[in-house]
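This report refers to the structure that appears directly beneath it.
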Amino acid sequence: MRNEEKDMEKQQDVEPAKDVEQQDAAKEAKPEKVKKPRNRKKLKYGALATGITVVFIAAVVLLNVLVSVVMDRYPLKVDLTSSKLYEISQDSIDYVKNMSQDVEILVLAEESYFTTNNYMKIVPETLDKYRQNSNGHITVEFYNMVNHPEITSKYKQYYSGEFQEGDMIVACGDRVKVLDFGDIIKTEQTPDYSTYTYQTSYTFVGEQSITSAIMSVTDANPKKVAFIQTAGANSIYADTNKYSVAALHDLLDKNGYEITDVDLLNDSITAAEYDLVVLPAPYNDLTEAMITKLSDFLYNEGGLNRDMFYIADVKQNATPNLDAFLAEWGVSVGDAIVYEGNSSMAQYVSTVLGTLTASTAVMAESDYGAQLSNTSRPIVAPLARPINLLFEYNTNRTTLSLLQTTETAFLYPLDTRTDSSEQTTDVPGTEDSTESTTQTSFDISTAETGVQNLMTITTKSNAVNEDVNSSQLMVMSSCSMLDYYVAQSASYNNAEYVVSAINVMVGKENGLVIADKALEQTNISITEGQLSGLRTLVIIIIPLIVVVIGLVVFVRRRNR
């Protein structure tokens with residue numbers, strides 16, 4: 001019995017011990033069963049968060065790539081300057097969009113050379129506009145010419161000048177045009193007498209130069225011009241006309257013409273060398289040999305197909321030989337100045353000679369103004385001489401008026417023009433003008449009144465092997481129609497019309513006259529109310545939105 005009782009006591013002692021062990025094991029097992037799903041939940045949300053992060057990063061990278069591609073093709077920059085400094089004109093855009101040839105633009109300076117200067121950063125911005133709008137036909141590269149001498153060596157064979165830092169090479173195959181700093185940014189200094197210093201102004205002329213260079217190198221058949229500047233090393237025109245002549249020279253150069261300055265006495269002017277001759281307002285008469293040189297050029301040994309642009313002017317002396325040459329072409333230039341009798345039709349024009357009263361020209365033949373971008377702007381004719389058409393048709397020559405005055409125009413005669421270079425009495429309708437005449441009195445009631453021709457063209461034609469060839473002589477009545485200030489002004493159509501008329505005459509399809517842009521610091525003005533609203537947005541609203549988003553995320557994570 002005692003032994004059985006002892007066994008039972010041992011069994012009872014063992015069983016509680018086992019129960020305690022089982023309870024401890026259960027306690028240890030129970031947390032594991034609770035902990036296991038929590039770990040899975042954390043793993044689930046951790047994996048999801050990681051996946052979302054990876055997807056988000058991939059999406060951001062992809063978005064950046066897409067935005068870069070889109071911005072490269074369709075720039076999203078907004079030009080807030082008043083004169084749209086960083087945009088190019090629609091004319092330039094249209095031209096480069098329709099290009100079929102590849103053009104390289106190489107700038108002989110690092111891009112930082114321009115971007116670190118407020119006035120020069122317009123250069124890379126403008127070049128980028130050309131590249132973006134060219135459908136892949138224009139490439140732009142910046143090179144340090146010291147570190148990359150091979151660039152200048154490659155194009156040296158096509159350029160006779162010396163390359164300088166900042167030059168721009170525009171190339172299409174073996175056709176090369178080099179633009180220097182002055183072709184891109186024009187610098188002018190004007191005296192400030194109050195401080196005895198000079199004020200410097202900068203004007204961006206780069207778009208006209210760049211577009212012109214692109215037109216020039218992509219033109220498979222460029223027109224070559226003999227621009228008569230001198231006769232026997234002496235200037236052919238009056239000193240007061242030098243700015244007008246320079247403006248015409250610049251216009252032709254910037255519209256893709258290949259210009260050679262020639263001396264009418266000493267240089268040859270042959271049809272084999274040139275397509276067009278420009279004779280700007282010779283101050284004195286031409287010799288018979290000079291007239292023969294011009295006639296032979298236009299006749300072209302019977303082949304014709306050559307053209308000439310002649311400008312008359314009130315500053316010229318008597319020119320009987322030149323007058324006889326013009327008469328053969330059915331043209332004479334009157335010894336008078338054309339003025340507008342209707343004050344509401346007259347224009348007061350600022351020129352290098354002062355403020356002049358000018359007639360408004362009317363296009364008599366629209367074809368020669370076909371390339372005008374805006375026909376609403378007037379064409380003005382300060383100090384113009386009347387052009388008379390001697391016949392409408394004569395054997396193989398026909399004459400045509402291009403620009404005319406209104407019916408209310410009248411003539412102020414220059415009765416005593418001689419070979420003298422001095423004229424004594426002021427021309428009416430001018431302020432600070434050096435132009436004068438010996439006319440001492442004039443009764444406007446007796447003046448010749450009516451429509452006057454301001455620009456004309458005569459065509460001489462013949463048939464050669466069933467083909468009709470023709471040479472043309474275009475005459476403009478005044479150098480002041482291309483006065484420096486008139487040609488530069490966006491208020492007048494003078495420069496663009498002359499380019500258009502010459503282009504039509506010589507058969508050149510493209511011509512652009514692009515306005516210059518003054519480089520000035522531009523500030524964005526903002527009202528006090530706008531400033532207050534912007535301050536509230538940045539300091540209060542945006543931080544508040546960030547805080548709210550953070551609280552929402554925190555609460556949601558706490559409840560998971």
Side-chain angles (χ1 to χ4, degrees), residues 182-183 185-191 198-205 208-209 212 225 227-231 234-255 257 259 261-264 278-284 309-317 337 347-359 361 378-385 421 423 426-427 429-436 454-455 475-499 501-502 513-518:
D183 295 320
I185 296 177
K186 181 172 63 178
T187 305
E188 292 183 316
Q189 289 188 324
T190 55
Y198 283 89
Q199 299 292 329
T200 304
S201 62
Y202 302 94
T203 305
F204 181 69
V205 296
Q208 176 73 71
S209 298
S212 167
V225 180
F227 201 107
I228 300 174
Q229 295 272 21
T230 57
N234 297 315
S235 176
I236 199 170
Y237 42 81
D239 189 61
T240 52
N241 287 329
K242 64 181 180 180
Y243 297 108
S244 300
V245 174
L248 175 61
H249 193 285
D250 191 51
L251 278 172
L252 294 177
D253 179 59
K254 287 184 174 181
N255 279 275
Y257 288 87
I259 301 176
D261 294 336
V262 299
D263 185 286
L264 184 55
V278 175
L279 179 62
Y283 187 64
N284 295 310
F309 182 53
Y310 167 67
I311 306 175
D313 195 73
V314 295
K315 198 65 175 176
Q316 293 173 283
N317 291 319
I337 304 176
Q347 297 275 342
Y348 295 91
V349 181
S350 296
T351 71
V352 294
L353 300 175
T355 302
L356 303 178
T357 304
S359 299
I379 301 170
V380 294
L383 297 180
R385 294 172 62 185
S421 62
Q423 296 175 318
D426 290 341
V427 170
T430 68
E431 298 176 11
D432 303 324
S433 173
T434 59
E435 299 301 336
S436 56
L454 300 172
M455 194 166 175
V475 180
M476 191 170 74
S477 60
S478 170
C479 257
S480 294
M481 290 179 69
L482 283 176
D483 175 90
Y484 174 81
Y485 294 112
V486 174
Q488 294 291 324
S489 176
S491 300
Y492 306 120
N493 251 341
N494 287 43
E496 195 167 352
Y497 179 82
V498 170
V499 170
I502 293 176
V513 177
I514 299 167
D516 300 338
K517 299 174 182 178

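Hydrogens, waters and symmetry mates play no part in the numbers below; they use all other heavy atoms, side chains included.
- Among residues two or more places apart in sequence or in another chain, the side chain to side chain donor-acceptor pair (under 3.5 Å) test is passed with Y237 by Q229.
- Between L482 and V486, every side-chain heavy-atom pair lies at or beyond the 4.5 Å cut-off.
- The distance from the CD atom of Q208 to the CG atom of N255 is 5.5 Å, given to the nearest 0.5 Å.
- The shortest heavy-atom contact between Y257 and V225 is CD2-CG2, 3.6 Å.
- By the side-chain contact (heavy atoms from CB on, under 4.5 Å) test, D253 pairs with K177, I259, sequence neighbours left out.
- The side-chain contact (heavy atoms from CB on, under 4.5 Å) search around S478 returns D313, L383, A384, S480, M481, not counting sequence neighbours.
- Residues V380 and A358 approach most closely at CB-CB, 4.2 Å, considering heavy atoms.
- Side-chain contact between K254 and V205: present, with at least one pair of heavy atoms (C-beta onward) separated by less than 4.5 Å.
- Between T357 and Y348 the shortest side-chain heavy-atom distance falls below 4.5 Å.
- Listed by chain and residue number, V352, Y484 satisfy the side-chain contact (heavy atoms from CB on, under 4.5 Å) test with Y243 (two or more places apart in sequence, or in another chain).
- Here S212 contributes atom OG and L251 contributes atom CG; the two are 10.0 Å apart, rounded to the nearest 0.5 Å.
- In plain terms, the two heavy atoms of P280 and I236 that are nearest each other are O-CG2, 4.1 Å.
- Closest of all the heavy-atom pairs between F309 and M455 is CE1-CE, 4.0 Å.
- Remark: A238 pairs with T240, N241, Y283, K315 by the side-chain contact (heavy atoms from CB on, under 4.5 Å) rule, at least two apart or across chains.
- Two residues are said to be in side-chain contact when any heavy atoms from C-beta on lie closer than 4.5 Å; I379 and N494 meet this criterion.
- Put simply, CG on N317 and CG on N284 are 5.0 Å apart, with the number rounded to the nearest 0.5 Å.
- Partners of D483 according to the side chain to side chain donor-acceptor pair (under 3.5 Å) rule, which considers only residues two or more places apart in sequence or in another chain, do not exist here.
- Residues satisfying the side chain to side chain donor-acceptor pair (under 3.5 Å) test with N234, not counting sequence neighbours, are none.
- In this structure, D183 has no side chain to side chain donor-acceptor pair (under 3.5 Å) partners at least two apart in sequence or on a different chain.
- Distance check, rounded to the nearest 0.5 Å: OG of S244 to CG of L353 gives 7.5 Å.
- In this structure, S491 and P378 approach most closely via the heavy-atom pair O-CD, 3.3 Å.
- Considering only heavy atoms from C-beta on, S235 stays 4.5 Å or farther from K242 through its side chain.
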